[in-house]
Chemist: 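Sharing a structure with you now.
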Amino acid sequence: MSDHAVSLSATSSNLRAGASGPSGPKPRHMFSRRNIFLYGTLIVVALYYLLPLYVMVVTSLKGMPEIRLGNIFSPPLEITFEPWVKAWSQACTGLNCDGLSRGFWNSVRITVPSVILSIAIASVNGYALANWRFKGADTFFVILIVGAFIPYQVMIYPIVIILREIGLYGSLTGLVIVHSIFGMPILTLLFRNYFTSMPEELFRAARVDGAGFWGIYLRIMLPMSLPIFVVAVILQVTGIWNDFLFGVVYTRPDTYPMTVQLNNIVNSVQGVKEYNVNMAATILTGLVPLIVYFISGKLFVRGIAAGAVKG
Amino acid sequence: MSKSERPSQLFRNLNAKVASIPMILTAMVVFVGGTAWTVLYSFTNSKLLPRLNFVGLDQYYRLWATPRWLISIENLLIYGVISLVFSLVIGFLLAALLDQKIRFEDTFRTIFLYPFALSFIVTGLVWQWLLNPDFGVQGVVRSLGWTSFDFNPLYNSSIVIYGISIAALWQGTGLIMCLMLAGLRGIDEDIWKAARVDGIPMWKTYLFIIIPMMRPVFITTLVIIASGIVKVYDLVVAQTSGGPGIASEVPAKYVYDYMFFAQNLGQGFAASTMMLLSVMIVIVPWAYLEFGGRKRV
Amino acid sequence: TDLEVTHWWTSGGEAAAVAELAKAFDATGNHWVDGAIAGSGGTARPIMISRITGGDPMGATQFNHGRQAEELVQAGLMRDLTDVATKGKWTEVVRPKSLLDSCTIDGKIYCVPVNIHSWQWLWLSNAAFEKAGVPVPKNWNEYVAAAPALEKAGIVPLAVGGQAWQASGAFDVLLAAVGGTDTFLKVYKDKDAKFAAGPEVAKVFKAADDARKMAKNTNVQDWNQATNMVITGKAGGQIMGDWAQGEFQVAGKTAGKDYTCLPGLGLNEVIATGGDAFYFPLLKDADKAKAQEVLAETLLDPKTQVAFNLKKGSLPVRGDVDLNAANDCMKKGLAILAKGAVIPWTDQLLSQDSQKQKEDLFSEFFAKPDMSLEEAQKRFADIIASAD
Amino acid sequence: MAANGTSVSIQDLSLNFGAVSVLQTLNLDVAEGEFIVLLGPSGCGKSTLLNCIAGLLDISEGRIFIKGKNVTWEEPKDRGIGMVFQSYALYPQMTVEKNLSFGLRVAGIAKDEIAKRIARAAEILQIEPLLQRKPAALSGGQRQRVAIGRALVRDVDVFLFDEPLSNLDAKLRSELRVEIKLLHRKLQNTMIYVTHDQIEAMTLADRIAVMKGGVIQQLDAPQTIYNRPVNRFVAGFLGSPAMNFVEGQLETGTTAVFKTGDLAIPLERYGFDGAGNKSGPCVFGIRPEHVAFGEAANSMPFATDAAVEIVEPMGSDTLVWTKLGGRIFSFRVEAEKTLRNGDPIRIGFDPARASLFDTPSGNRM
Amino acid sequence: MAANGTSVSIQDLSLNFGAVSVLQTLNLDVAEGEFIVLLGPSGCGKSTLLNCIAGLLDISEGRIFIKGKNVTWEEPKDRGIGMVFQSYALYPQMTVEKNLSFGLRVAGIAKDEIAKRIARAAEILQIEPLLQRKPAALSGGQRQRVAIGRALVRDVDVFLFDEPLSNLDAKLRSELRVEIKLLHRKLQNTMIYVTHDQIEAMTLADRIAVMKGGVIQQLDAPQTIYNRPVNRFVAGFLGSPAMNFVEGQLETGTTAVFKTGDLAIPLERYGFDGAGNKSGPCVFGIRPEHVAFGEAANSMPFATDAAVEIVEPMGSDTLVWTKLGGRIFSFRVEAEKTLRNGDPIRIGFDPARASLFDTPSGNRM
Ligand SMILES: Nc1ncnc2c1ncn2[C@@H]1O[C@H](COP(=O)(O)OP(=O)(O)OP(=O)(O)O)[C@@H](O)[C@H]1O
Ligand SMILES: Nc1ncnc2c1ncn2[C@@H]1O[C@H](COP(=O)(O)OP(=O)(O)OP(=O)(O)O)[C@@H](O)[C@H]1O
Ligand SMILES: [Mg+2]
Ligand SMILES: [Mg+2]
């Protein structure tokens with residue numbers, strides 16, 4: 001039988017006079033019009049996106065005289081790291097001349113607990129909303145989502161009062177709470193969507209197995225939610241690290257985060273603006289979130305696909 | 001019949017309720033409470049400190065008679081439309097380009113996304129510097145010989161808000177692109193195949209088939225963009241401080257300035273109440289439809 | 001004892017001046033913890049107020065004396081310094097007396113004035129006029145006349161930074177200089193809206209229009225960047241308070257030789273007694289409260305006053321100090337002060353609210369060449385009408 | 001409470017999702033050791049009923065007893081049930097062993113006891129070599145066994161299965177069906193099994209509950225349901241290829257006759273249900289395998305001529321489609337018969353094996 | 001170009017995804033109007049092959065002819081093919097009518113021509129009342145018809161179906177199967193149909209191509225494949241319940257005998273494939289429906305005693321499981337037969353209907 005099938009096809013392919021003609025993969029030119037358009041556009045756009053970074057880096061490596069000469073796009077004639085040193089450890093704000101260095105550790109001390117707490121709260125919220133819906137839960141959630149639209153400035157005063165009343169004003173705890181509050185809407189949305197998209201049967205199986213609210217969360221849900229955690233961590237690290245307003249309003253000078261220091265350096269103009277120092281300080285401040293992005297960018301897209309777009 | 005009575009509803013899912021306390025507190029105390037507080041005090045003449053000294057709608061009359069507020073609203077509308085339209089369009093186009101199974105996708109994606117990692121302060125600074133007429137693009141082009149070249153958006157009242165949008169788009173489109181890309185990846189591959197068999201050109205497939213299918217993505221995106229638009233503040237401060245003159249003022253900045261610079265809390269609260277009101281009118285019905293309904297699969 | 005002091009003095013000259021205060025305070029065995037917040041009082045004040053009302057007050061904080069802290073005092077958040085003042089006989093040493101009045105609420109003293117700032121100065125770059133081939137003007141009118149020549153030489157005639165308070169301040173200076181002291185007081189002290197809409201003030205608006213035209217190519221934001229334009233000869237002049245002096249000094253410029261200062265724009269030589277003051281929030285910690293007293297005393301110490309004001313470019317609040325080291329411009333100011341040609345400044349006369357409205361108006365006015373004088377004046381009169 | 005030997009008893013159970021009523025005052029008694037299959041089209045409320053029994057959904061009304069104990073408000077874990085889900089719902093990050101032991105560990109059972117139970121379950125299900133693997137590394141059939149194992153180790157009285165085979169391909173499905181049957185024989189537990197596959201239902205069940213729109217239509221032994229469906233829905237739902245239906249008229253003269261077009265089928269051999277059979281519109285149903293063909297047809301009480309329309313060889317036998325009374329009509333022949341489209345044929349059947357349904361109500365007559 | 005009457009011709013087709021080779025020098029000729037079914041387990045490359053024919057995947061090697069034209073490098077729309085997808089891939093936001101007409105409008109076909117074609121397709125598929133609905137408002141079966149309609153309106157020579165029924169429930173599946181068959185008869189188009197459901201394959205196909213690992217194992221008429229599978233894979237893949245396999249030893253003395261345990265099955269009636277049948281290990285396979293039981297068994301060339309292990313009543317007939325040579329062994333009996341577990345029975349079969357496979361290679365002997 002099999003012999004038959006084989007011989008049949010063999011003969012037929014020999015028979016066919018059209019054995020010439022196109023065969024194999026369709027030829028693709030590397031420089032087809034489609035590719036030129038595609039990569040051309042991408043490269044042009046990429047250049048546009050990279051331009052500011054390029055200018056920042058280049059400028060931060062120039063000396064002031066060279067900057068004054070003019071062209072911001074020209075590479076530095078003489079590379080100097082002095083602006084970096086100055087931005088990091090010498091730039092002055094008022095009397096403090098230790099640059100960004102002090103703010104860096106403050107930022108770390110603010111960011112780490114804030115990220116952990118805000119994600120912990122939001123993930124539990126999202127989990128409760130997705131799997132343990134109780135009456136009224138949706139209303140709170142809608143309020144949260146609407147809350148995402150409230151300009152932060154409006155909330156400064158009420159929060160000052162709240163923090164004062166619970167005696168946490170000015171402490172790191174207070175700031176961590178503030179960050180958790182303002183991170184809650186979007187993060188809760190993300191986690192809720194993510195947990196909703198996980199199979200409900202898994203949750204039911206765990207309930208039959210006797211696991212409770214926390215048991216299911218910790219032992220079943222958490223280990224499965226790496227992608228969305230990555231997204232949450234990235235968003236929060238970026239948001240909290242870059243925050244200026246809360247950092248400056250709800251802390252005291254010895255715990256000012258890096259962005260406040262950056263603002264101080266940039267806005268404390270001493271004579272002419274030291275653009276090179278400003279740029280170096282800017283890059284230094286953005287470095288942590290940038291590194292986080294570069295490392296986990298791939299996971300970010302995957303996580304967003306898993307959590308954000310399910311709507 | 002040990003337990004034929006229905007147990008109290010309050011204690012069912014008790015853990016879930018306990019775990020939701022932070023959310024409930026945030027929603028009720030901070031968002032609802034804070035908002036109610038703000039609205040209440042917008043009817044007072046509070047200055048530096050909140051005082052319950054009611055003056056009716058005075059703050060609102062004054063608000064709507066203030067040129068700066070009107071300009072802020074106008075700017076917000078322009079900025080909002082530009083951000084929405086361009087970040088959606090650019091974000092989608094970039095995502096569509098990246099979705100063509102290209103090489104170096106990771107690299108391109110990272111390049112488009114990295115500005116999102118930077119704060120508005122940083123973004124504002126960089127673009128202020130790039131758009132600085134003496135050092136920035138204009139200066140460079142002029143120094144190349146084209147002396148009549150004019151590109152000075154941050155110092156020209158009539159276009160300054162567009163100049164600010166350039167920076168906003170630079171910073172924000174990456175995230176939108178990511179969302180869109182995730183959405184595109186979620187589309188059933190068979191749809192693409194069906195369209196190819198039908199002989200529908202790529203752009204028509206996107207326009208008439210794919211985009212309508214990405215409704216949920218667009219909604220999430222819209223929430224993110226829109227909440228960002230309403231809150232725009234740092235970017236303006238970092239780039240122009242509202243200038244030249246008051247040409248690039250925005251409502252959030254008006255609120256901030258009047259609450260803290262002018263030490264007229266009542267006025268600031270009235271302005272923020274107006275902002276909230278307009279947000280609510282748009283958001284609440286939609287949010288209920290979108291999230292308040294029963295759980296979708 | 002560590003005492004945290006917040007302020008918004010972060011420019012070169014200012015920082016150097018603060019260092020003097022800190023040095024003096026540290027010398028008393030305490031420690032000055034510096035809480036500088038950059039970006040002008042507008043950025044810093046909300047932070048300070050939040051912290052005071054939030055229950056986490058600093059040891060001392062700068063305000064412009066006048067009405068900025070009024071409500072904090074009324075809310076009982078600020079420390080009463082009357083006993084310290086009595087001990088140090090402040091009523092006798094502080095001059096002019098109006099300074100201390102601004103610190104006094106219901107007969108109690110709540111702040112320590114540290115300097116006198118006057119806005120009424122026109123700073124001119126000698127080099128710029130030389131380049132334009134016109135003599136350095138002696139008053140505002142000559143300056144306006146010289147503007148076309150400056151422009152022709154590629155020099156911005158008048159530098160006005162983009163921040164709103166600069167435009168507003170420049171107008172106030174014009175009001176006092178072009179309009180005269182009475183006009184100034186009638187508008188800001190008596191809040192006579194009808195007068196503000198009248199022909200006297202219209203003249204001032206005409207002058208403001210000149211200033212607007214002269215300033216149209218400035219393109220900088222910060223006041224010290226504008227000052228820097230004058231220092232480098234990119235701009236012909238700047239209307240700015242005496243703190244600009246500090247910048248000239250840091251840049252190593254000499255008054256009279258490199259630059260010229262015209263108090264009252266050379267038209268009406270008065271000095272407004274605005275200035276900075278330190279307020280002391282009520283603290284629970286007794287040690288800190290003690291340190292607050294020490295700081296308050298230190299601030300008014302004659303030696304501190306001299307060192308600080310020389311660096312800052314402002315005038316000391318005591319008449320009994322030796323200011324031989326002062327430069328040309330400062331001496332001009334001292335002379336005017338000695339003559340008693342003083343007026344209160346807007347910080348003392350108007351609420352922050354009215355100030356802000358005024359800032360919005362003039363910032364718009366300066367940035368918008370097509371805004372008509374009539375419209376501007378009408379809106380100005382409206383603000384005066386509703387001012388408190 | 002419940003009669004002795006009753007394992008699960010559901011009394012007047014109702015369940016609404018908001019305004020939608022999914023189950024309506026449903027009653028069901030399952031005997032100890034019985035294998036009950038819930039069968040019905042998609043969306044009829046099978047899973048919902050199962051979830052109610054498991055305690056995973058809050059019921060709106062009624063009571064549920066398991067082993068005589070009112071468990072209406074008990075937590076799922078306290079009901080003595082084990083559940084196997086359609087997608088298996090194995091915990092993806094745990095090994096098979098961890099999956100099996102999770103519930104026991106949560107319940108705080110001693111380590112050696114856990115090990116013992118796992119060993120027993122693994123032996124019964126023959127998954128010993130898989131214990132250290134993660135679910136992703138298992139085939140569909142293996143996953144299914146682990147999912148059963150998870151219920152097994154919990155030593156429960158009642159097993160609940162929610163379409164445990166529907167994700168598998170036909171071959172695997174038939175193999176695992178046999179395994180489940182053997183398992184039931186070995187364990188003698190009560191099992192409630194949801195499916196919409198009738199072969200599964202027929203082969204596994206002691207009794208089948210056919211559901212539609214949240215109501216149990218018929219609860220009977222498989223053969224009874226197959227041969228004497230209580231209404232047209234049940235008749236049509238069971239059997240593949242489906243029962244042939246011919247619409248027509250019942251005429252009750254001296255002998256009852258079914259008329260459609262110019263056909264008249266005598267019904268004297270038909271066992272009417274009860275007395276009330278009046279003339280009127282009705283539907284005549286007969287299963288494809290009860291239709292005789294060719295020679296055999298002539299020996300039947302009723303026979304007629306027809307023509308072949310389509311032939312569907314299914315390997316083991318062949319389905320032939322023709323027309324009867326204008327309606328499409330199928331019957332089965334052996335695979336060896338070679339028929340071609342258009343061939344004239346003779347078909348016949350015994351009305352005793354047919355079913356007759358009242359037209360408006362659809363009930364069996 | 002191709003021989004007259006050949007509709008689709010695939011020559012030496014290979015396809016690799018990176019390093020993974022999915023299809024290997026595959027050849028397939030489909031005659032004009034033929035209904036070819038590609039059958040095989042999941043992941044064997046059926047969809048891949050179909051996508052290659054449609055031009056949706058770039059092939060690595062080989063050529064594809066449609067209607068004698070070399071279309072290897074043509075765009076899908078220019079190949080004269082229509083395709084129906086497993087998920088239907090209807091454009092969700094367009095009405096049925098728009099779904100059908102979208103491709104035509106894009107191609108710039110005149111309005112009235114479009115209307116005519118849609119009317120015809122709608123009539124053939126009986127979806128006239130649905131034209132203004134959106135896909136979300138259609139049932140599974142209706143969606144499927146629309147998906148077919150989309151191919152229909154394009155007036156194509158070749159229809160490609162990728163598991164168009166696998167998302168549906170059993171009942172609907174069997175109904176739509178008949179519809180597709182009728183459609184094929186009406187249109188007389190060439191159809192290539194992918195499935196992993198053997199009933200579909202058996203009933204629909206003119207010829208079935210059984211695939212495994214990217215290679216066509218056997219291409220033949222359904223009955224041939226069912227009765228004379230070329231290898232053990234094909235034999236085991238087709239038929240449900242599956243063919244019984246018994247491992248043992250072929251002994252070729254004077255007459256060939258298959259031995260396993262203490263059973264010896266004489267093979268004189270077995271039609272060996274070719275000459276080369278040597279002694280050695282082999283597998284004996286026989287389908288459940290070819291096993292006779294009870295009285296009938298004794299008239300078979302081979303008969304033996306056994307005991308009932310499980311009885312699976314399936315409604316129309318009953319499957320009985322027993323043991324033969326130590327291996328589980330199933331056969332079919334009529335539904336009326338009542339057997340109980342443990343009953344001793346006699347079974348028998350005719351080795352002429354069996355299949356014998358070489359053990360290492362699995363090929364038919
Ligand atoms: N959470 C819910 N909210 C509202 N309606 C629901 C919910 N869950 C199920 N339903 C509805 O209840 C009905 C019964 O659903 P159920 O899942 O029990 O069906 P099923 O018989 O298991 O179907 P399937 O065979 O598809 O699994 C369906 O109409 C479904 O739409
Ligand atoms: N884009 C791809 N990249 C790499 N491998 C692929 C890709 N698409 C399919 N494959 C592999 O090719 C093989 C054949 O896939 P194909 O989809 O053709 O299987 P199939 O026979 O249609 O299976 P099913 O019945 O599950 O649809 C599979 O092993 C699959 O993993
Ligand atoms: Mg179900
Ligand atoms: Mg496939």
Side-chain angles (χ1 to χ4, degrees), chain A residues 38 41-42 45-46 49-50 52 55-56 70-73 121 124-125 128 132 134 137-138 140-155 158 181 184 188 196 212-214 238 242 244 259 263 266 275 278 282 285-286 289-290 293-294 297-298 301 304-305 308-311, chain B residues 13 15-17 19-20 22-24 26-27 30-32 34 37-38 97 100 102 106 108-114 117-119 121-122 125-126 129-130 135-136 139-140 143 178-179 181-183 185-186 216-217 219-220 227 230-231 252 255-256 272 275-276 279 283-284 287-288 291-292 295:
Chain A
L38 196 64
T41 316
L42 282 173
V45 178
Y49 274 87
L50 283 175
V55 170
M56 278 198 279
N71 196 331
I72 54 169
F73 299 110
I121 291 180
V124 172
N125 282 344
W132 297 83
F134 53 89
D138 279 333
F140 298 125
F141 181 60
V142 170
I143 294 173
L144 271 195
I145 296 295
V146 174
F149 287 81
I150 301 176
Y152 294 148
Q153 291 82 5
V154 180
M155 288 318 218
I181 285 174
M184 208 183 285
T188 303
T196 306
F213 183 88
W214 295 111
T238 318
N242 287 336
F244 169 74
T259 38
N263 173 66
V266 169
Y275 286 105
N278 289 355
T282 303
T285 311
L290 277 178
Y293 266 74
F294 286 136
K298 211 171 191 170
V301 175
I304 285 198
V309 298
K310 299 250 162 66
Chain B
N13 296 348
N15 269 328
K17 288 172 187 167
S20 304
M23 176 181 76
I24 296 173
T26 301
V30 180
F31 291 142
V32 173
W37 190 89
T38 301
L97 288 179
Q100 305 302 312
I102 56 158
D106 283 356
F108 281 117
R109 198 188 49 227
T110 311
I111 290 174
F112 299 149
L113 190 57
Y114 88 89
L118 301 173
S119 68
I121 302 249
V122 172
L125 270 174
V126 178
W129 164 239
L130 275 171
F135 300 107
V140 169
S143 73
C178 266
L179 289 164
L181 192 59
R185 298 271 150 89
V217 186
I219 285 175
T220 311
S227 66
V230 176
K231 286 193 288 204
V255 171
Y256 190 74
S272 55
M275 288 176 72
L276 271 180
V279 166
I283 301 297
V284 171
Y288 249 102
F291 304 107
K295 180 172 175 178

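We name chains A, B, ... by the order of the sequence lines, and we start the count at 1 in each one.
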Chemist: Under the side chain to side chain donor-acceptor pair (under 3.5 Å) rule, collect the residues that match up with A:Tyr49, sequence neighbours excluded.
Modeler: B:Thr173
Chemist: How many angstroms lie between CZ in B:Phe31 and CD1 in A:Ile143, if you round to the nearest 0.5 Å?
Modeler: 10.0 Å
Chemist: Measuring heavy-atom distances to chain A, does B:Phe112 have an atom under 4.5 Å in its side chain, in its backbone, in both, or in neither?
Modeler: both
Chemist: Answer with side chain, backbone, both or neither: which region of B:Arg185 has an atom nearer than 4.5 Å to a non-hydrogen atom of chain A?
Modeler: neither
Chemist: I need the A:Phe294 CZ to B:Leu113 CG distance, nearest 0.5 Å.
Modeler: 9.0 Å
Chemist: For the interface with chain B, which of A:Ala128, A:Gly212, A:Ala148, A:Gly286 has the highest count of heavy-atom pairs at distances below 4.5 Å?
Modeler: A:Ala148
Chemist: Taking all heavy atoms of A:Ala46 and all of B:Ile111, pick out the closest pair and write down the distance.
Modeler: O-CG2, 3.7 Å
Chemist: Identify the heavy atoms of B:Ala16 and A:Phe213 that sit nearest to each other, and give their distance.
Modeler: CA-CE1, 3.3 Å
Chemist: Please report the shortest heavy-atom distance between B:Met23 and A:Met184, naming the atom on each side.
Modeler: CA-SD, 3.7 Å
Chemist: Need one label for A:Leu144: side chain, backbone, both or neither, based on atoms under 4.5 Å from any heavy atom in chain B.
Modeler: both
Chemist: Heavy-atom distances under 4.5 Å only: say whether A:Val124 touches chain B with side chain, backbone, both or neither.
Modeler: side chain
Chemist: How far does CH2 of A:Trp132 sit from NZ of B:Lys17, to the nearest 0.5 angstrom?
Modeler: 11.5 Å
Chemist: Measuring heavy-atom distances to chain A, does B:Leu276 have an atom under 4.5 Å in its side chain, in its backbone, in both, or in neither?
Modeler: side chain
Chemist: What heavy-atom pair brings A:Asn242 and B:Leu118 nearest, and what distance separates the two atoms?
Modeler: ND2-C, 3.3 Å
Chemist: List for me each residue that meets ring pair (Phe, Tyr, Trp, His ring centres under 6.0 Å) alongside A:Tyr293, sequence neighbours excluded, and say none if there are none.
Modeler: A:Phe300
Chemist: Does any heavy atom of chain A fall under 4.5 Å from the side chain of B:Val279, the backbone, both, or neither of them?
Modeler: side chain
Chemist: Just how far is it from atom CZ of A:Phe141 to atom OG of B:Ser20, taken to the nearest 0.5 Å?
Modeler: 12.0 Å
Chemist: Select, from A:Asn125, A:Val146, A:Thr238, the one with the greatest count of heavy-atom pairs under 4.5 Å involving chain B.
Modeler: A:Asn125
Chemist: Any chance you could lay out the side-chain contact (heavy atoms from CB on, under 4.5 Å) test for B:Thr26 and A:Phe140, step after step, and finish with the verdict?
Modeler: CA-CA 9 Å; B:Thr26 301; A:Phe140 298 125; over 6 Å; no
Chemist: Picking from B:Val255, B:Val230, B:Asp106, which has the most non-hydrogen pairs under 4.5 angstrom with chain A?
Modeler: B:Asp106
Chemist: Drop me the distance from A:Leu42's CG to B:Ile102's CD1, to the nearest 0.5 angstrom.
Modeler: 5.0 Å
